[in-house]
Amino acid sequence: MKKIYFTVTNELVYDQRMIRICSTLARQNYEVVLVGRQFKGAAPLQHHPFQQVRLPGRFTKGKLLYIEFNIRLFLYLLFKKMDALCAIDLDTILPCYWVSRVKGIPRIYDAHELFCEMKEVRNRERIYRFWKKIERFAVPRFKLGYTVNLPIAQEFKKMYSVDYAIIRNIAVLNDQELQPAKTGTFLLYQGAVNEGRSFETLIPAMQYIDVPLVIYGDGNFMQEAKRLVEKYSVSNKVIFKGKVSPEALKKITPSATIGITLFDREGMSNYYSLANRFFDYIHAGVPQLCADYPAYREINAQFEVAVLISDLSAENIAEQTRSLLSDTALYEKLRQNCLAARAVYNWQHEEKKLIEFYNDLLQ
């Protein structure tokens, strides 16, 4: 049985993409190990058909966190037997490169995004230079890889002459009927509460919207988001729920009225994004307000599941939200289109490309 290691810096419990990928490969009789970080107060690991490992660490933020974790990850991987090694994003790529060189095994790069073009990286010159040096060194040496959409694959091709496959972040199709218990009208944001997610205009927009915004997630913008809530006096309208498990979230999402998938235009990573939650809302039958960027525009042209907006001002977010809430005909049209789209865009279809990728590599 071929053994594959995957490496992340994320909290394993909440990483839906990696749970899907690792579960698919485990069902194909690969021995799969997902390695991540041990977070303080982390929820217990859930049962999956693959092995999960959390590496402890002393540091919890900043450059020292990444340096320590990369050293620990290198030493951990160095003494493990494996047939292939996959780095998830740039923050674990160096240990995977050196271990794969030592062991003489295939190395794969799974690029969820254009890491150096994220707003929180791009806007900090020293941090940007640090990660860009790593990217320029490592990515050309990872000839095998995949990413989430064509625009990002084209950027990697242009920058580093690598031909990466496309495996999108798509939810697993659940054949059960969507009959959620509606507990009221509310907007839903689920996912990382990070820089670049348009909270600077989404939260002020809540001054002009008469239904609450419920946020499930955490991230590097959480404290600033809470300060914005206080600044604009919308604490009665913006509710922070924190992180919940993917299984719990699947039960919550269908009860939402409108999903939110917004990204700042600043940063090429945002512009070329294809977020997990975009498909999560589709699979839950929930119309959404979404940034008018290429990957979303392409899918929305085939199945109109969202109201796409290019003007991300607070006033326009509020206007478009109110319009969708009041236009019952459009809302029902989008909801029905979600149910049609999920039959086409689902992990059961997408995983076939993943299986083919690893079968070609290892069998």
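On a predicted model such as this, the values are computed, not experimentally measured, just so you know.
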**OP:** Please say whether the positively charged group of Arg141, taken as NZ for Lys or CZ for Arg, lies over the ring of Phe137, i.e. under 6.0 angstrom from the six-membered ring centre and within 45 degrees of the axis.
**Re:** yes

**OP:** Mind running side chain to side chain donor-acceptor pair (under 3.5 Å) on Asn270 and Asp264 for me, showing each step along the way?
**Re:** CA-CA 7 Å; Asn270 286 344; Asp264 297 356; 5.4 Å; no

When the side chains of residues 238-250 are checked against the rest of the protein, which donor-acceptor pairs come out under 3.5 Å, sequence neighbours left out?
unit_1, atom_1, unit_2, atom_2, d
Ser245, OG, Ala248, N, 3.2
Glu247, OE2, Lys250, NZ, 3.2

Using a 3.5 Å cut-off and no angle test, enumerate the donor-acceptor pairs between side-chain atoms of residues 78-87 and protein atoms at least two apart in sequence or in another chain.
unit_1, atom_1, unit_2, atom_2, d
Asp83, OD2, Lys3, N, 2.7

Step through it carefully: locate the ring centre of [X], locate the ring centre of [Y], and say whether they are under 6.0 Å apart.
| X | Y | value |
| --- | --- | --- |
| Tyr164 | Tyr146 | no |
| Trp98 | Phe74 | no |
| Tyr189 | Phe199 | yes |

Can you tell me how far the [atom1] atom of [X] sits from the [atom2] atom of [Y], to the nearest 0.5 Å?
| X | Y | atom1 | atom2 | result |
| --- | --- | --- | --- | --- |
| Ile282 | Asn346 | CD1 | CG | 11.0 Å |
| Cys96 | Ile88 | SG | CD1 | 8.0 Å |
| Glu113 | Ser269 | CD | OG | 4.5 Å |
| Phe115 | Tyr128 | CZ | OH | 12.5 Å |

Should the heavy atoms of other residues, nucleotides or ligands under 6.0 Å from [atom1] of [X] be counted, would the total exceed 12?
| X | atom1 | value |
| --- | --- | --- |
| Lys133 | NZ | no |
| Arg297 | CZ | yes |
| Glu298 | CD | no |

Between [X] (side chain only) and [Y] (backbone N and O only), is there a donor and an acceptor less than 3.5 Å apart?
| X | Y | value |
| --- | --- | --- |
| Asn123 | Glu120 | no |
| Ser198 | Thr201 | no |
| Asp89 | His112 | yes |
| Arg342 | Asn174 | yes |
| Ser100 | Arg107 | no |
| Asn70 | Leu73 | no |
| Glu11 | Val13 | yes |
| Lys237 | Pro212 | no |

Locate the shortest heavy-atom distance separating [X] from [Y]; write the atom from each residue and the value.
| X | Y | answer |
| --- | --- | --- |
| Val286 | Thr253 | CG2-O, 3.4 Å |
| Cys116 | Val121 | O-CG1, 3.7 Å |
| Gly285 | Leu339 | CA-CD2, 4.1 Å |

Subject >> Candidates Leu202, Ile260, Asp311 - the one meeting side-chain contact (heavy atoms from CB on, under 4.5 Å) with Ile317 >> reply: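 With Ile317 as partner, Leu202, Ile260, Asp311 yield a single side-chain contact (heavy atoms from CB on, under 4.5 Å), made by Leu202.
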
Do NZ/NE/NH1/NH2 and the carboxylate oxygens of [X] and [Y] come within less than 4.0 Å?
| X | Y | answer |
| --- | --- | --- |
| Glu350 | Arg20 | no |
| Glu304 | Lys333 | yes |
| Lys226 | Glu230 | no |
| Glu125 | Lys132 | no |
| Arg335 | Glu332 | yes |
| Lys119 | Glu195 | no |

**OP:** I would like to know whether Asp110 and Arg17 meet salt bridge (Lys or Arg N to Asp or Glu O under 4.0 Å); could you show each step before the answer?
**Re:** CA-CA 11 Å; Asp110 180 344; Arg17 175 173 166 85; 3.0 Å; yes

Subject >> Members sharing Ile166's hydrophobic cluster (side chains within less than 4.5 Å) >> reply: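 ILVMFWY cluster around Ile166 also holds Leu150.
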
**OP:** May I have the step-by-step check of side-chain contact (heavy atoms from CB on, under 4.5 Å) for Glu31 and Lys2, ending in yes or no?
**Re:** CA-CA 6 Å; Glu31 187 176 355; Lys2 299 291 186 179; over 6 Å; no

Original post:
Does the side chain of Tyr331 come under 3.5 Å of the side chain of Gln336 through a donor N or O and an acceptor N or O?
Top reply: no

Subject >> CA sep, side-chain torsions, deciding dist, call: Thr24, Glu351, side chain to side chain donor-acceptor pair (under 3.5 Å) >> reply: CA-CA 7 Å; Thr24 288; Glu351 70 177 352; 2.6 Å; yes

Residues 34-53 side chain polar contacts: donor-acceptor under 3.5 Å, at least two apart:
unit_1, atom_1, unit_2, atom_2, d
Arg37, NE, Thr9, O, 3.3
Gln46, NE2, Pro44, O, 3.2
Gln52, NE2, Gln46, O, 2.8

Original post:
Can you list every ring-ring contact (aromatic ring centres under 6.0 Å, His included) pair that touches residues 251-281, not counting sequence neighbours?
Top reply: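 Output for this query lists Tyr271-Tyr293, Phe278-Tyr296.
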
**OP:** Look at the rings of Tyr97 and Phe142 and say which category their plane angle falls in: under 30° parallel, 30 to 60° tilted, over 60° perpendicular.
**Re:** tilted

Original post:
Partners of Phe303 by ring pair (Phe, Tyr, Trp, His ring centres under 6.0 Å), sequence neighbours excluded?
Top reply: none

**OP:** Take Tyr160 and Glu155 through the side chain to side chain donor-acceptor pair (under 3.5 Å) test and state the conclusion after the steps.
**Re:** CA-CA 8 Å; Tyr160 302 117; Glu155 284 299 316; over 6 Å; no

